[in-house]
Amino acid sequence: MSIIYVLIPIAMLFVLIAVAIFFWAVKSEQFDDLDRQSVSILFDEEAKPSVTDSQTETKSEQQL
Amino acid sequence: MTSCFHCNELVVTGDQFTTTINGHAQPMCCPGCQAVSQAIIDAGLTSYYQFRSEPGNRQTALVPEQLTQYSAYDLPEVQQDFVHKQGNVDTTSLSIDGITCAACAWLIEHKLKPVQGIDKVLVNSTTQRALVSWNNDTIKLSEILQLISQIGYQAAPYQVDEQEKQSKADSRKFLLRLGLAGFATMQVMMFALALYTGYFTELDIEFRDYFRWVSLIFAAPVVLYSAQPFYFSAMRSLLSGKLNMDVSVSIAIGGAFIASCVATIQGNGEVYFESVSMFTFFLLLGRYFEQTARQKASVSSSNLHKLIPLTAHLLKDGQVTEIAAKQLRINDIILVKPGEVIAADAVVVSGKSSINEAMLTGEQMPITKQIHDNVYAGTINVEQPLQAKVTALGQDQLVAEIIRLQELASNNKPTIALVADRLARYFSATILSIALVTYIVWSFISPEDAFWVTLSVLVATCPCALALATPTAVTCATAIFTKLGIITRKAGVFEKLTQIDHVVFDKTGTLTCGHLTIGDINIEQPYSQQQVLAIAAAIEQGSLHPIAQAFKPFFDNRYVVTDIQHHVGQGIEGIIDRQKVKVGKLSFVLPEHSEPSRQHHSQHIYMSIDNKLVAQIEMLDQVRLDVKDTIAKLSGANIGLSIASGDSSGHVEYLAQKLGIKDVHSGLSPQGKLSLINRLQQAKKVAMFGDGINDAPVLAGANLSVAMGSGSAIAKNSADLILLGDHLSRFNDAISVAKQAQNIIHQNLLWAFAYNVIILPLAVTGHVAPYIAAIGMSVSSLIVVSNSLRLLRIKL
């Protein structure tokens, strides 16, 4: 049983880290726009192809 | 029928407007949507259409004239109110109309990011705002606003609500407190479970004390940091000589924590760390709900307060300069161009024009003004340039008079004592006296138990469920209101809504759409209706008169007009195909005729071609589509109805008759409206609907006030509720939601009381073990929360 004298302080350390991360997240405005950030990863990936599309279009126009 | 690819509205113009998107020609409903979608495609942002979850905004939505003129935003005097300057980098926050989903935020960011001179763009789709930083040497603010409007959004700086500044900081703090309480409570509960088992099996004293110390360490930040708001609120209320819920909450938290610490140090008695932490967590959760609802409301009401810079053209030594209105001096001569807002109260010194004074009087048709007539700040010049001499500034203006009246009215607004607040007062007083009696009685019976029994009374009866009863229900109801497009701006709206028994409507802009449309048309042969409307639209194209706006949709570029002449208060003439076309009053169109003098409920305009009458067109201020329905439902619910309008024409009576409203008051000044409401309030609880500046005082004075989303900022400022999208019928929905919310609140309160009534005798007699108190409290809180969540399933 005396192992808990070691394990519980370790658990407390983890909680402390979790709380610190949470405070950091709130303070750096991570929780300000919950609608947007959940899907933002989808947009950014697709942005590049569409830009290159228009670039290739202009290129092909130049070739013509 | 096809629907517009951009905004999903029905396309009624066939394939007149299309945009090629990903190689397919997509139908568009109007030139506005077409231009916007083209701009989006040209910027290489096609993915917007792939990823949006909501359709875009219909682009023909009427944008106030002032908002389309961006150049005024570049004046340094105007910018100093909202732009933060650092070196040559300017930063400002803009409110953006038309953000419907996350794709919109992406679209705006990607439209602006590549633009040279723009440092940073951050669009927040929850608050519908953008934070923009730009280099003021390379790009101007007006150009940025222009760019955003190209892709179909209206951006403008906004006035930050006082309430919002406060509540933003509060919300973040609350989140920190709540999160900390959540983490700590989980840990404390875990050790509490170990301690609970000690009741049933043998737990070594050594381990028991160890678990107690660990619990103490976790509970300390909850009590010392997370629970702070309760202590402050309790102190405030004690200082003002009142009792509120937070007094008994603070005593319970403080008492239980201190007692548990003492027990831990001495190694005897009971510990209540888990009760204290969970209790704080649940209470904070309720407060946090309340806080976020309030935050959302204040954000959206700030967004509605667009900062429209008022500028004036100062005429000095034959030179015209654009300056901010606040730099004007008395006796300055200003030039007011058509379409401009007059910047100060003034007297006309040269020119003749029509002025739209709807914001002051509610009357829609422009009034003709000539030399020596007074014009007022905030009214809009419609036809010809005017020169005017400034006579009053700032607080001396007519508008300021109305604002003063509004402030006066809001100070005298009848208040409603909220049920929960009243209950809390009695409840706290009762609990505190019962606790005191318990302590005294027990100190006679067995002095060593007195403290612990009293403590268990305080913990067991802790008004957790009671404190959650109202905020959770209000949060759910607010969420439904938001979905319906209703913004609640003030607390207590739900309670007020259920008590309303009389509704007073303003006419223009509330019952009617506030802009003219075309009614019946009488046409002489051989012209067709389409031809007549297209010709009229061509003639009226340059005019800002409300009548001209009605013809806009019929514009057809096949008709080319030359020699357009505006005749103030009469009409417009021009040449089409070498034929002289006149549109306007009958006496203007055909000089030999005189204007028919009979008072009509509507207005007619006439058109002649080469002095031959061609058409008679009826102009109507269309009644909002859902007015009849709304009114029928309201009177079905035994709610009295009145109309109070500033308009003095016969149209008010006609409209009232048509809608079946018997109590009609027309031609009222803002003061007159306010005294009408005050008279009604002696017997009834009155709700007022309005949209204009002239309605602001009466909105501030009514028991409950409702402003239309399209209304003026000052009207919205005094309103309790704002109807976005201007659907009147939403008010009926609002009442029914409020009634259900009220029901839920009553159920919650009843349950919370029942729980306390059952647990109190047990606690007083010393039969409640700490784990029973803790379990009872959490279960009753959970029941209250899930009962409130039922509100979200309401079908309307």
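Order of the sequence lines fixes the chain letters, A, B, ..., with proteins taken first and strands second; residue numbering starts at 1 for each chain. What you see is a predicted model; the values in this text were computed from it and never measured.
Rounding to the nearest 0.5 Å places CG of B:Leu176 at 4.5 Å from CZ of A:Phe23. Note that the CD1 atom of B:Ile217 and the CG atom of A:Leu16 stand 11.0 Å from one another [nearest 0.5 Å].
Considering only residues two or more places apart in sequence or on other chains, B:Phe481 meets the ring pair (Phe, Tyr, Trp, His ring centres under 6.0 Å) condition with B:Phe494. Remark: B:Phe5 engages B:Tyr49 in a ring pair (Phe, Tyr, Trp, His ring centres under 6.0 Å) (not counting sequence neighbours).
Residues A:Glu29 and B:Arg172 come closest through the heavy atom pair CG-NH2, 3.4 Å.
By the neighbour-count criterion of 12 heavy atoms within 6.0 Å, atom NZ of B:Lys173 is sparsely surrounded, having that number or fewer from other residues, nucleotides or ligands.
Note: A:Phe22 and B:Phe183 have perpendicular aromatic rings, judged against thresholds of 30 and 60 degrees for the angle between ring planes.
In this structure, the side chains of B:Gln187 and A:Met12 stay at 4.5 Å or more apart for every pair of heavy atoms.
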Step-by-step side chain to side chain contact (heavy atoms under 4.5 Å, CB included) determination, B:Met186 to A:Val15 = CA-CA 10 Å; B:Met186 282 188 254; A:Val15 174; over 6 Å; no

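Of the possible polar contacts, none joining the A:Tyr5 side chain to the B:Tyr210 backbone as a donor-acceptor pair under 3.5 Å is found.
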